[in-house]
Amino acid sequence: MLPADTSSLSRRDALIQLLRLGGAAAGTAGLGFWLHGRSARPVPELALNAKRSHTVANDPQLPDMAIIQGDDPTQLARQALIELGGIRRFISRSDIVVIKPNIGWDRTPEQAANTNPLVVAEIVRQCWDAGAKRVIVTDVSCNDPRRCFQRSGIAEAAQRENAEVILPDPSRYKEVNLQGEILHEWPVLDSFLNADKIINIPIAKHHSLTGTTLGMKNWYGILGGPRHQLHQKINESLADLADFMRPTLTILDCYRVLLRNGPTGGNLEDVALKKTVVAGTDPVALDAYVAKAYWNLEVDALPYLRMAASRGLGTYQFENVRTQIMKLA
């Protein structure tokens with residue numbers, strides 16, 4: 001159920017309060033329930049970027065967003081998939097699956113600059129269970145990739161589950177026309193060009209330029225080249241990347257949240273233990289929800305959300321999407 005004293009709140013306020021309470025849900029038994037939206041997500045323009053879409057069909061009987069809270073990151077990731085219809089809704093036998101965590105920084109899991117390795121490991125395990133042909137874990141790091149992959153714990157966790165861990169070697173980039181409004185020819189790590197399904201697993205954290213870095217900002221990690229130049233028109237570039245790389249599923253790691261001094265972090269005092277995973281098929285709604293709940297940022301402060309919605313990538317009115325909420329005992 002929702003936190004106490006929410007009966008007079010709007011659906012939107014109730015959702016925000018739930019995520020802000022975060023770790024208070026740990027150890028509390030609860031039942032999942034629906035928050036029914038008043039309208040469906042915007043319908044993408046017919047055939048727009050179809051060759052680059054890794055999405056699955058919308059199912060009106062299933063939620064667009066699942067919010068799971070509890071003590072164990074592995075269980076949170078597993079339950080999120082169950083609530084969204086199960087891994088076989090997203091992954092088919094013989095699929096080549098690319099899992100995209102944030103592995104940008106030479107930081108430990110406790111510093112919350114990279115995705116929680118336990119969440120990554122569980123998604124790898126689930127993909128194998130669904131019969132995937134290959135499961136690849138990769139990212140284009142900002143710091144030295146070998147140190148980032150090792151110190152984050154993600155390389156070890158993924159390899160333990162028999163995933164292929166691919167470091168961003170210069171020989172693996174291909175020049176691609178992203179067909180964006182400002183992004184045209186750009187080097188893209190080839191793993192992202194050869195996948196049947198792509199699962200985006202960002203971590204929720206502060207960003208000094210955009211306010212937050214969440215699901216759509218995580219797509220910077222498919223690019224090589226001088227991507228810092230994209231900060232000059234960061235909102236447009238984020239919308240272009242989200243349009244190019246439409247994921248099968250987004251799983252937002254909010255177990256530990258870097259509330260300040262992101263994206264690199266380093267100070268444990270900037271990290272809040274929220275013990276939450278927010279997952280779903282609408283990447284715009286997920287970004288809008290988490291940005292509002294943790295940083296009180298509305299869509300006017302995050303223009304890329306409005307741009308993405310205008311391209312049919314989702315809705316920033318997160319209170320309108322079908323939402324399943326569960327607190328694990």
Side-chain angles (χ1 to χ4, degrees), residues 49 51-52 54 98-107 111-115 136-152 154-155 165-195 198 200-247 250 258 261-266 283-284 287 291 301-308 311 313:
N49 300 311
K51 65 179 181 181
R52 298 195 296 268
H54 303 279
V98 172
I99 294 173
K100 167 63 174 77
N102 188 322
I103 322 176
W105 307 100
D106 183 5
R107 295 285 191 245
Q111 292 170 306
N114 304 301
T115 303
I136 297 166
V137 174
T138 191
D139 189 21
V140 179
S141 305
C142 298
N143 295 153
D144 175 72
R146 292 189 182 278
R147 287 189 60 85
C148 294
F149 276 61
Q150 185 275 326
R151 198 165 180 225
S152 68
I154 291 174
V165 176
I166 295 179
L167 271 65
D169 185 272
S171 65
R172 301 192 67 106
Y173 293 100
K174 293 184 178 180
E175 289 291 325
V176 177
N177 184 354
L178 301 180
Q179 302 179 34
E181 293 185 6
I182 67 164
L183 294 185
H184 304 297
E185 295 288 332
W186 208 271
V188 175
L189 192 64
D190 61 2
S191 298
F192 296 100
L193 304 174
N194 301 316
I198 295 180
N200 190 19
I201 316 183
I203 186 170
K205 57 181 180 174
H206 171 260
H207 193 282
S208 57
L209 182 59
T210 56
T212 65
T213 172
L214 303 167
M216 281 182 261
K217 182 68 169 62
N218 203 35
W219 293 129
Y220 266 44
I222 73 171
L223 301 178
R227 63 191 193 195
H228 63 278
Q229 295 179 1
L230 301 180
H231 287 170
Q232 297 174 13
K233 288 191 174 181
I234 193 164
N235 288 289
E236 293 84 354
S237 67
L238 288 175
D240 280 352
L241 281 169
D243 204 356
F244 175 76
M245 192 57 63
R246 301 188 181 197
T250 301
L258 182 61
N261 296 315
T264 59
V284 183
D287 273 20
L302 301 167
Y304 75 89
L305 293 176
R306 200 179 299 276
M307 295 174 185
R311 301 188 192 193
L313 304 182

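These numbers come from the heavy atoms of this one structure, side chains and all, not from hydrogens, waters or symmetry mates.
Each ring pair (Phe, Tyr, Trp, His ring centres under 6.0 Å) pair with one or both residues in residues 171-190, not counting sequence neighbours, would appear here, but there are none. For residues 217-228, there are no salt bridge (Lys or Arg N to Asp or Glu O under 4.0 Å) pairs, not counting sequence neighbours. Pairs engaging residues 176-188 under the salt bridge (Lys or Arg N to Asp or Glu O under 4.0 Å) rule: E181-R311 [sequence neighbours left out].
Residue L183 holds its CG atom at 9.5 Å from CD of E236, rounded to the nearest 0.5 Å. Note that CG of N194 is 8.0 Å distant from CD1 of I136, once rounded to the nearest 0.5 Å. Between atom NZ of residue K205 and atom CG of residue N218 there is a gap of 8.5 Å, rounded to the nearest 0.5 Å. In this structure, CD1 in I103 is found 11.5 Å from SG in C142, a value given to the nearest 0.5 Å. Between L214 atom CG and D287 atom CG the span is 4.5 Å, to the nearest 0.5 Å. With rounding to the nearest 0.5 angstrom, the CG atom of L258 is 11.5 Å from the OG1 atom of T212.
In this structure, V188 and L178 have side chains that are in contact, with non-hydrogen atoms separated by less than 4.5 Å. Looking only at side-chain heavy atoms (C-beta outward), D243 and L313 come within less than 4.5 Å of each other. Side-chain contact between T115 and N102: present, with at least one pair of heavy atoms (C-beta onward) separated by less than 4.5 Å. In this structure, the side chains of P303 and L238 stay at 4.5 Å or more apart for every pair of heavy atoms. Residues W219 and S237 have side chains not in contact (no heavy-atom distance under 4.5 Å, counting atoms from C-beta outward). At a threshold of 4.5 Å between non-hydrogen side-chain atoms, the residues N114 and P101 do not count as touching.
Under the side chain to side chain donor-acceptor pair (under 3.5 Å) criterion, N261 pairs with D270, sequence neighbours left out. Every residue meeting the side chain to side chain donor-acceptor pair (under 3.5 Å) condition with D139, not counting sequence neighbours, appears here in chain and number order: K100. Take H207 and apply the ring pair (Phe, Tyr, Trp, His ring centres under 6.0 Å) test, not counting sequence neighbours, and it matches no residue.
Under a 4.0 Å N-O distance rule, the pair K174/D190 does not qualify as a salt bridge.
Ring orientation note: the planes of H231 and Y220 are close to parallel, at an angle under 30° on the 30°/60° scale.
Each of V284, L302, L241 was scored for a side-chain contact (heavy atoms from CB on, under 4.5 Å) with M216, with one residue passing: V284.
H206 approaches G211 most closely through the heavy-atom pair CD2-O, 3.4 Å.
Remark: Q232 CD is loosely packed, at most 12 non-hydrogen atoms of other residues, nucleotides or ligands lying under 6.0 Å away.
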